[in-house]
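The next block holds one structure in the form of C-alpha cells; read it before the comments.
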Protein chains: 2
Amino acid sequence: MALPSSTVENYLKAIYQAEMAQEDGTRLVPMGRLASALHVVPGTATTMVKTLAESGLVRYEPYAGVRLTAAGQKLAALVLRRHRLMELFLVEVVGMSWADVHDEAERLEHAASDRLIDRIDEMLGRPAVDPHGDPIPDQDGAMATPRYQTLLTCPIDTALVLARVTDQDTDFLRFLEQSHLTPGEVIRVESRDAAADHVLLRGAGDRSIVIGMRAAAKLLVAPPPPPG
Amino acid sequence: MALPSSTVENYLKAIYQAEMAQEDGTRLVPMGRLASALHVVPGTATTMVKTLAESGLVRYEPYAGVRLTAAGQKLAALVLRRHRLMELFLVEVVGMSWADVHDEAERLEHAASDRLIDRIDEMLGRPAVDPHGDPIPDQDGAMATPRYQTLLTCPIDTALVLARVTDQDTDFLRFLEQSHLTPGEVIRVESRDAAADHVLLRGAGDRSIVIGMRAAAKLLVAPPPPPG
DNA sequence: AATCGATTTTTGACTCATCAAACTTCCAAT
DNA sequence: ATTGGAAGTTTGATGAGTCAAAAATCGATT
C-alpha cells in the first residue's frame, strides 16, 4: 500500500483518539462523533471509512461504528508520535508558545519525514510526554497510558501534580498558562460546588483560582511527587 | 483570494526559478520547461497556468510561455523564503546533513506558518543565504541577486570563494561535501580541458579534485575574500 | 510559400475528498 | 407491536489536479 494521504492520517488519528476517549469499554466509534471531530458531514465520514476498511486499516460495522485494526492503530500512533514530538520541539527548541504549537504541529505532522522526527526525538532526549502531558508513542507505536484522575474526581485538599491537559484550544491554554496551571505544577482542590458549577483551586505561590467544571474535567492530576 | 494550495505554490516557485535561469533576456518560460520541472505532462501545465492567469498571478501567452506578475513574483519569493530558511534551520539547528535538507524543506515549506518562519528567521539572525548559497528573500519578497561566475568562466589560478551550488541533488551534494567543496571554501581552478570535459581544481588543504564540466557549471564563485 | 517535426493546446476521463439532500435503519417510548 | 425521531447511509454533484491521446499551431528548412 502506498503512503497514506494527510486525510487518511487524520481519519486514523481521530478514530484513535475517539477510541481512547470512549468511557464505555467498547472501542466502537460512531460515525457522528468521527464526522464532527473531523469537521465533515456524516456522509463523508461513512464514505471515507469504507475505503479505510478496504485498505484493512479499520473495521467498519454499518450503523454501529468503526474501530482501528492493528495496522490502523500502529499508523495512527505514529501520526500521534509525529504530532507530539513536533509540539515539544516547537516549544523547547524553537521557543514557541505552549498555546500555539498544536495548530502548527497539526500541519507539520504530515510533512515531516521519519528521519526528521527521529532526529527531533534524539535531540529532545526521547521524551515521554509532550507539552500538554500527552504521552508520546515510540517508533513502534507503543504508548504508555497512565490513568489519571480529573479535578472533578480527585481527592480534596490533597497536594497533586498537574499531569495533563486534554484540550488544545489556544485560548484555553493561554488562560492556563497565565494561571500557572501547566503540567508539573503542584496544586490542590479546595472545594467543589456543583450548584455553582465551579471548582476552587490553590496553585503554586498560594494562587487562588476558580474554574468551571467543564474546564476542571480537562485537567488531569497524578499522585503527589515522591518526597525529596 | 484564498490561500494558495501547495500545488499553486509549487507552480509559482518553478516559474520564478525558471525565469531566473533563463539566459536570454526574456522572462517568458515555455510550457515544456515548466512541465518537466514539475514532473507533469505539458497539458497539465497549460491547464494550471490558465487558472493561475485568471487569478492574476501570471501572464500567459499561448504558444509562447508564461511569466509571473508582480503579485505572483512576490508569492513565489515568499515560498522560496520559507524553503531556504527551513533548509538553513534544518542544518544549523536540527543538525541535518546539507545533502538531505532540500527534500525535507520541499514539503515543510507548505506546512510552516508565517509565524514559525519568522521565528526561525530571528533564531538564525536574519541570514542572507541558505546552506547552498542561495539568497533568502526578505518578508516583502525582495532578494539580492549577485551575479557570480561559474568554474567554467572564472579566471584560472586565482583564489576564489565558492559562493553557491546550483543543484540540489542529494548524491551530488554528498560528493561535494566529501570533497570539501562547500560554500565558503577557498578554491582555485588549475586547468580546464574541453576535450576531456573536465576541470582541475585545488581546494583547501591542497586537495586536488577533478570534476566534469557539467558539474563545474553548477559551482559559482565570488572574488577572493577581503584580506585580514 | 509549402511542409515536417517539435511544441503546445484541447478533449475526455479519472481519482480523491468533499457536500447537500434523499433515503434507510435503529431503538426507545408509547 | 408500532412508530417517530435520531443516527447513519446512499446518491448525485462539485472542484482540484492529473494523464493519455487527438488536434492545432509554430517555425525552421527547403
Side-chain angles (χ1 to χ4, degrees), chain A residues 1-15 18-19 21-22 24 26-67 72 75 79 106-107 109-111, chain B residues 1-15 18-19 21-22 24 26-67 72 75 79 106-107 109-111:
Chain A
M1 56 196 80
L3 33 140
S5 67
S6 303
T7 303
V8 167
E9 292 188 342
N10 283 333
Y11 272 82
L12 295 177
K13 189 176 56 159
I15 296 168
E19 281 185 12
Q22 216 85 354
D24 54 33
T26 172
R27 307 227 149 290
L28 258 192
V29 178
M31 286 298 141
R33 246 190 241 316
L34 180 59
S36 73
L38 291 164
H39 305 111
V40 297
V41 301
T44 301
T46 299
T47 307
M48 194 62 200
V49 160
K50 286 205 283 193
T51 83
L52 292 178
E54 275 167 25
S55 314
L57 296 170
V58 305
R59 216 163 63 194
Y60 168 50
E61 302 180 15
Y63 293 101
V66 62
R67 84 187 69 192
L75 247 170
V79 176
E106 202 66 27
R107 294 187 312 276
E109 68 187 5
H110 306 295
Chain B
M1 56 197 81
L3 31 141
S5 67
S6 303
T7 304
V8 168
E9 291 188 342
N10 282 334
Y11 273 81
L12 295 177
K13 189 176 56 158
I15 296 167
E19 281 185 12
Q22 216 84 355
D24 53 36
T26 173
R27 308 226 149 290
L28 260 190
V29 178
M31 287 299 143
R33 247 191 241 314
L34 180 58
S36 73
L38 291 163
H39 305 111
V40 297
V41 300
T44 300
T46 299
T47 307
M48 193 62 200
V49 159
K50 285 205 281 194
T51 83
L52 292 178
E54 276 167 24
S55 315
L57 295 170
V58 305
R59 217 165 62 197
Y60 168 51
E61 301 180 15
Y63 292 103
V66 62
R67 84 187 70 192
L75 247 171
V79 176
E106 201 66 29
R107 294 186 314 274
E109 68 187 7
H110 305 295

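Just so we're on the same page: letters track the sequence lines, and every chain starts at 1. The figures here come from the full heavy-atom set of this structure, side chains too, leaving out hydrogens, waters and symmetry mates. Note that this is a predicted model, so its numbers are computed, not measured.
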Legend entry - For the student: nearest non-hydrogen atoms of A:Leu38 and A:Asn10, plus distance: CD2-O, 3.6 Å
Legend entry - Residues B:Glu54, B:Tyr60; criterion side-chain contact (heavy atoms from CB on, under 4.5 Å); working and verdict: CA-CA 9 Å; B:Glu54 276 167 24; B:Tyr60 168 51; over 6 Å; no
Legend entry - Rounded distance (Å) that lies between atom P of D:dT10 and atom OH of A:Tyr60: 6 Å
Inset, instruction - Write down the atom of A:Val49, the atom of A:Val58, and the distance for their closest heavy-atom approach. - result: O-CG2, 3.8 Å
Inset, instruction - Round to the nearest Å and state the distance from B:Glu61 atom CD to C:dT8 atom P. - result: 13 Å
Inset, instruction - May I ask you to evaluate whether B:Lys50 reaches the phosphate of C:dT10, defined as a side-chain N or O under 4.0 Å from OP1 or OP2? - result: yes
Legend entry - Pairwise distance CG(B:Leu28) to CD(B:Glu61) - rounded to 0.5 angstrom: 5.0 Å
Legend entry - Spacing between A:Leu38 atom CG and C:dC16 atom P, to the nearest angstrom: 18 Å
Inset, instruction - Send over the distance from A:Leu34 CG to D:dA7 C1', rounded to a whole Å. - result: 14 Å
Please list, pair by pair, any protein nitrogen or oxygen found under 3.5 Å from a nitrogen or oxygen in nucleotides 17-21 of chain D.
| residue | atom | partner | partner atom | Å |
| --- | --- | --- | --- | --- |
| D:dG17 | OP1 | B:Ser5 | OG | 2.6 |
| D:dT18 | OP2 | B:Tyr11 | OH | 3.2 |
| D:dC19 | OP2 | B:Val41 | N | 3.1 |
| D:dC19 | OP2 | B:Thr44 | OG1 | 2.9 |

Legend entry - Distance-minimising heavy-atom pair for A:Glu106 and A:His110: O-CD2, 3.3 Å
Inset, instruction - Might you confirm whether atom CZ of A:Arg59 has over 12 heavy atoms from other residues, nucleotides or ligands at distances under 6.0 Å? - result: no
Inset, instruction - Check the surroundings of atom CZ in B:Arg33: do more than 12 heavy atoms from other residues, nucleotides or ligands lie under 6.0 Å from it? - result: no
Inset, instruction - Compare every heavy atom of B:Ala35 with every heavy atom of B:Pro42, then report the nearest pair and how far apart it is. - result: CA-CB, 3.7 Å
Inset, instruction - Figure out the CG/C1' separation between A:Leu3 and C:dC16, and round it to whole Å. - result: 15 Å
Restricting to nitrogen or oxygen on both sides, can you table the protein-nucleotides 22-29 of chain D pairs closer than 3.5 Å?
| residue | atom | partner | partner atom | Å |
| --- | --- | --- | --- | --- |
| D:dT25 | O4' | B:Tyr63 | OH | 3.3 |

